Amino acid sequence: MIYIDFETRSEVDIKKSGAWVYSLHPSTEILCMAVKVDHTDVFLLKPEQFDGSNTNLTLFNCVNHVKSYISNGVLVEAHNAFFEKAIWHNIMVKRYGWPEIKPEQWRCSASVAAYHALPRSLGGAGKILGLSTIKDDEGKRVMLQLSKPKPRVGGFFEQQEYPEKFQTLYDYCKSDVEAEYAIANKLGGLPNRELKVWQLDQKINERGVHIDIDAVNKSLKILGEYSEKLEKELDILTEGKITTVGQRARILEWCKERGEELPGLTKADVEQALKTVEDAKVKRVLEIRQALSKTSTAKYEAMKNSTAPDGRIRDVLMYHGASTGRWSGKLVQFQNLPRGSIKDMATAIKLIKQGSASSIEMLTDDVMGFMSSAIRGMVCAPQGKKLLVADFAAIEARVLGWLAGSEKMLNQFRNGEDLYKDMASNIYRVDVKDVTAEQRQLGKAAILGAGYGMGAPKFYETCLSWGIKVHEGLAKTAINTYRQTYHHVRQLWYDQEKAAHTAVRTGNRVECGKTIWFMQDDFLKCQLPSGRCLHYYKPELKMKQNDWGESIELSYLAEKMGKAFRNGTYGGKLVENITQAVARDLMADAMLRIEDEGFNIVLSVHDELVAEIPQQTALQNPLERFCNLMAATPNWAKDCPVAAEGWEGINYKK
DNA sequence: CGTTCTCGCGCG
DNA sequence: AAAGCGCGCGAGAACG
């Protein structure tokens, strides 16, 4: 195994453009590369040494050895390998003529850390694992300094001028490789199945998602014109006291001065206030706040910054981004695109491409809403191709029913019954055929919300935030009805909590339904039906005083913003973790099957898959095949009622 | 002036 | 038997 780490510099902001666009830019340069071969000492190469010159004999031999190892297929590990891959392919190979490293040779220590539910960052993982080779803050500071142009004056810090800074950088680079090695030593690699999943993740990330960049540019123009207009109005309206809609404190203060006191400025607060506010100016300010608070502009900016010359954005999926194993998003976060309400996306995009705010204003008075709705459509199939999109139907509810062994719920899904209506009929004690649309809404909220132990007060709040009519008594009835109807689910909360506690207390292996809890090294592990494990680092049981008395709480070590803290957990939460994790495993399995059959996956959004295929294909009915592959269950979930449905088109939409 | 923290918002 | 959960990003405020 070879461990590597690059330090680079560029005019491009990697945070904004992503590693791929960064690595393609002509201003991007390698400052140094640290290499460790197995357990031998780390050595450092500067660019002028990449061809073997300017070195002593030892280093010269090292260079040649590493090149031949790589050509012979040795494994290469990096921390967040996508970055090293991009630099390798676009700079080491293209500029310096080094051999390509094949996809199957790469390993990533960050993905291993993430698999263990540890911090993804090198420093964070090293720190929480108690490794001695932790990152030095001074080194990091210097790295950040040397990696980008000097503030204001421009130009880079050069080695001749700042030899000490460069020495700090070289040491930092070498220590990063040592830290990477230490983490790899401590945690090992991914289990075989997960290695396959990670390799697929990399394939998808390298393929990228295609963007209609012309439409993005036109959208930015429209958004710019329109928000400028509204901000000007805001400025005039408030006599310069408020200049942007993000000025939370100023807005609240200004409203108060005019006799309209708001509890806050959340979406719901503003909606509520708009109903009652008398003052016309306050009303207009809130309207503008509402219109411009949409995150759409930022999304379009992010797309523009990260789209490569070939029209694709790469590295938008983060493997095992959530502790449950779900993917999370990067750069343009494609996991939280607004659903939008545009029916005819193709026509909407055509309109946007005409590029004028006024023509959209003629169509709708909610320009920002329209632009926000159109974001999904920026993702599109390139020339000659089309998108296949499919999603799992109510996957978490199905998995929960399956894990809990609730025959009632499983049969409802197998028979294609409407669970929401049935739930409503039980809550309101009316016949299923008499359930009103409004009653069904509450039934739906209960099915979606009550599965992980939510109590009546929280359920009441949740319903309100979803705009569902409810009162405290009704919320209580709904929660009780859910717990009675699906009592196996409730039982699962208690069983999982007990099993986890027992495993921590005794160190024994504890089977619980379809999962197995056990301790290994410093982790409490929960083995899922797929064989993958959930991880809880350094678990502890402690007495805790609650509203309802004293009880034993399970907690584990987590990290946020570089700070370690104990995260308490309990039955409902564990069941949620397991359910989400199993749904993710079904997705990962589907992805492997689908990619294997020649569909090119470009996005995965928890329960939804987007793939590209040529418009002309030999396949009879590609969409049907796609959905069938997605809904097929692996051996470990044979009796889990999974269903998928989809559509095909040029522009992505909901 | 740059970094860190918090809040709010979008999705599942 | 009481507790919904999982993310990332942008913007402003707070901090140093």
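The shown structure was predicted, so the numbers you read here are calculated from the model rather than taken from an experiment. Numbers restart at 1 for each chain; the letters A, B, ... are given by sequence-line order, proteins then strands.
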Seminar exercise, completed: Among C:dG4, C:dG6, C:dA2, the one nearest any side-chain atom of A:E396 is C:dG4
For this session: For the residue pair A:T515 and A:Q496, confirm or rule out a side-chain donor-acceptor distance under 3.5 Å.
Result: yes
Exercise. Nearest nucleotide by nearest heavy atom, which residue falls closer to the 5' end of DNA chain C, A:Y452 or A:A322?
Worked result: A:Y452
Problem set entry | Nucleotide of C:dA1, B:dG12, C:dC7 approaching A:Y494 most closely (side-chain heavy atoms) | C:dA1
For this session: Using a cut-off of strictly less than 4.0 Å, decide whether A:S323 has a side-chain nitrogen or oxygen near OP1 or OP2 of C:dC7.
Result: yes
Seminar exercise, completed: Among B:dC11, C:dA2, C:dC9, the one nearest any side-chain atom of A:Q333 is C:dC9
Exercise. Rounded to the Å, how far apart are A:R141 CZ and C:dG16 C1'?
Worked result: 14 Å
For this session: From the options A:E396, A:E576, A:K573, select the one residue that forms a side chain to side chain donor-acceptor pair (under 3.5 Å) with A:Y452.
Result: A:E396
Exercise. Given atom CD1 of A:I375 and atom P of C:dC9, what is their separation to the nearest angstrom?
Worked result: 15 Å
Exercise. Starting at NZ of A:K458 and ending at C1' of C:dA3, how long is that distance when rounded to a whole Å?
Worked result: 10 Å
For this session: Scan A:I578 against the nucleic acid and name what it touches under 4.0 Å (heavy atoms): base, sugar-phosphate only, or nothing.
Result: nothing
Problem set entry | A:R584 and A:E194 ion-paired at < 4.0 Å | yes
Problem set entry | 5' priority, DNA chain B, between A:L337 and A:K563 [closest heavy atom] | A:K563
Seminar exercise, completed: Among B:dT3, B:dC11, C:dA1, the one nearest any side-chain atom of A:E497 is C:dA1
For this session: Tell me whether the centres of the aromatic rings in A:Y115 and A:H535 are closer together than 6.0 Å.
Result: yes
Exercise. Any luck finding a side-chain donor-acceptor pair between A:Y319 and A:Q202 under 3.5 Å?
Worked result: no
Exercise. Side-chain N or O of A:R584 less than 4.0 angstrom from OP1 or OP2 on C:dC5?
Worked result: no
Seminar exercise, completed: The Watson-Crick or G-U wobble partner of C:dG4, with both key distances under 3.5 Å, is none
Exercise. Whole-Å distance between C:dC5 C1' and A:Y536 OH?
Worked result: 11 Å
For this session: Could you check whether A:G572 gets within reach of a base, just the sugar-phosphate, or nothing at all, counting any heavy atom under 4.0 Å?
Result: nothing
For this session: Check the distance between C:dG6's P and A:K573's NZ and give it to me in whole angstrom.
Result: 5 Å
Exercise. Taking atom P of C:dC9 as reference, at what distance in whole Å does atom CZ of A:F334 sit?
Worked result: 12 Å
Exercise. With a 6.0 Å cut-off on ring centres, are A:Y537 and A:H116 close enough?
Worked result: no
Seminar exercise, completed: Winner on side-chain proximity to A:P457, out of C:dG8, C:dA3, C:dG6, is C:dA3
For this session: Report the distance from atom CG of A:N480 to atom C1' of C:dA1, rounded to the nearest whole Å.
Result: 12 Å
Problem set entry | Side chain of A:W466 - closest among C:dG4, B:dG12, C:dC7 | C:dG4
For this session: Check if the side chain of A:R339 and the base of B:dG10 share a donor-acceptor pair of N or O atoms closer than 3.5 Å.
Result: no
For this session: In whole angstrom, give the distance that lies between atom CG of A:D315 and atom P of C:dC9.
Result: 11 Å
Exercise. Does A:E550 come within less than 4.0 Å of A:K544, counting only side-chain N to carboxylate O?
Worked result: no
For this session: Taking only the side-chain heavy atoms of A:N336 (C-beta and beyond), determine which of B:dG12, C:dG4, C:dG8 contains the nearest atom.
Result: C:dG8
Exercise. Looking only at side-chain N and O atoms, does A:K654 come under 4.0 Å of OP1 or OP2 in B:dG12?
Worked result: yes
For this session: Please figure out whether A:Q335 or A:K560 has its closest DNA chain B nucleotide nearer the 5' end.
Result: A:K560
Exercise. Within less than 4.0 Å of OP1 or OP2 of C:dG6, is there a side-chain N or O belonging to A:T324?
Worked result: no
Seminar exercise, completed: Ranking C:dG6, B:dT3, C:dA2 by distance to the side chain of A:L144, first place goes to B:dT3
